[in-house]
Amino acid sequence: MSDTTYSSLQVLQQAIVSCRLCPRLVAWRESVPAKPANKDAPHWRRPVPGFGDPSAHLFITGLAPSAQGGNRTGRIFTGDKSADFLFSVLYKAGFANQPRSVAKDDGLCLKGCYLTACVKCVPPQNKPTHQECVSCSQYWKAELSLLPHVSSILVLGKFAFDAVISYAKEKKAYIGGRPSFSHGAIYKMIGFPTIYASYHPSPQNTNTGRLTEKMLLDILMLT
Ligand code: SF4
C-alpha cells in the first residue's frame, strides 16, 4: 500500500493532531461538554491519532474518539467504558501489557497490534458526515500504509467495516457487491489484509450482552 506521503508514524501523528479540516468537528471537539465527574480534568480536545506497535500484524479500527474517552485523554480507546472492555480482552489475548487504558501516561503498551479510528475527531452523536469521513480517511489509510507487517484488520462496528471494505474495493482486492455487516465475518483477499468484523465494544453492546468478552476474544485469537 503506498497512499502515504508521510515519512513515519511520528510525522503522521503530528499532522493528525494539528488538523482542522472539518469545521463542524473542530467546533464540536473543542466545546463538547465534560461529564460532571470529569469537569475539572484537563481535556485534550484535538484529533486523536492511533497508537501501538510499529511491527503490528493486527490493525484495529473503530469509528471515532468518544467525548469522555479519546477527546478527553488524547489517546484512542482510553478513559471510558469501551476502553475498559476492549483492554480487558486485548490483555487476555496477549496484545496489551495491562488490562486497563485510562490515561496517556498509564504505562500501557500494545504488542503486535495498532489501534486507531476511522475518524480522528469526536463527532456529535457519534455520526460523522460522509464528507468528514472522506476527509479523514487519508489518515487511517496512511497509518495502515506505515505498518508494513499488517496482515489482519479487525473492524469494530459497522462504520469501520464499511470504511475498510470500501478501501479494499478501491484497491481492487474486494470484488463484488457491498457486504452487510455481521459479527464474526471474515474476508480473505489477495493483496489486502484479512478483514475480521466485530461489534463495537460500546456500553450499548457490552451491557446488553450483544458483545461478550468471549465473542471478541474468539475473534482476536483468529487474527
Ligand atoms: S475529522 Fe479528521 S480530517 Fe476532520 S478535522 Fe478531524 S482530523 Fe482533520
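Remember, it's a predicted structure, so these values are computed and weren't measured experimentally. Note that ligands are numbered from 1 as they come in the structure, with each ligand's atoms numbered from 1 the same way.
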task: Could you grab the distance from atom CD1 of Ile76 to atom OH of Tyr114, nearest 0.5 Å is fine?
output: 10.5 Å

- prompt: Does the side chain of Gln131 pick up a donor-acceptor pair with the side chain of Ser135 at under 3.5 Å?
  reply: yes

task: Determine whether more than 12 heavy atoms belonging to other residues, nucleotides or ligands lie under 6.0 Å from atom NZ of Lys169.
output: yes

Which side-chain N or O atoms in residues 56-66 pair as donor and acceptor under 3.5 Å with protein atoms at least two apart or in another chain?
{"from": "Thr61", "atom 1": "OG1", "to": "Cys118", "atom 2": "N", "distance (Å)": "3.4"}
{"from": "Ser66", "atom 1": "OG", "to": "Gly69", "atom 2": "N", "distance (Å)": "2.9"}
{"from": "Ser66", "atom 1": "OG", "to": "Asp80", "atom 2": "OD2", "distance (Å)": "2.6"}

- prompt: What protein N/O/S atoms sit under 2.8 Å from atom 8 (Fe) of ligand 1, by chain and number?
  reply: Cys19 SG

query: Nearest 0.5 Å, what's the OG1-CG distance between Thr212 and Leu217?
result: 9.0 Å

message: Around atom CD of Glu30, are there more than 12 heavy atoms from other residues, nucleotides or ligands closer than 6.0 Å?
response: yes

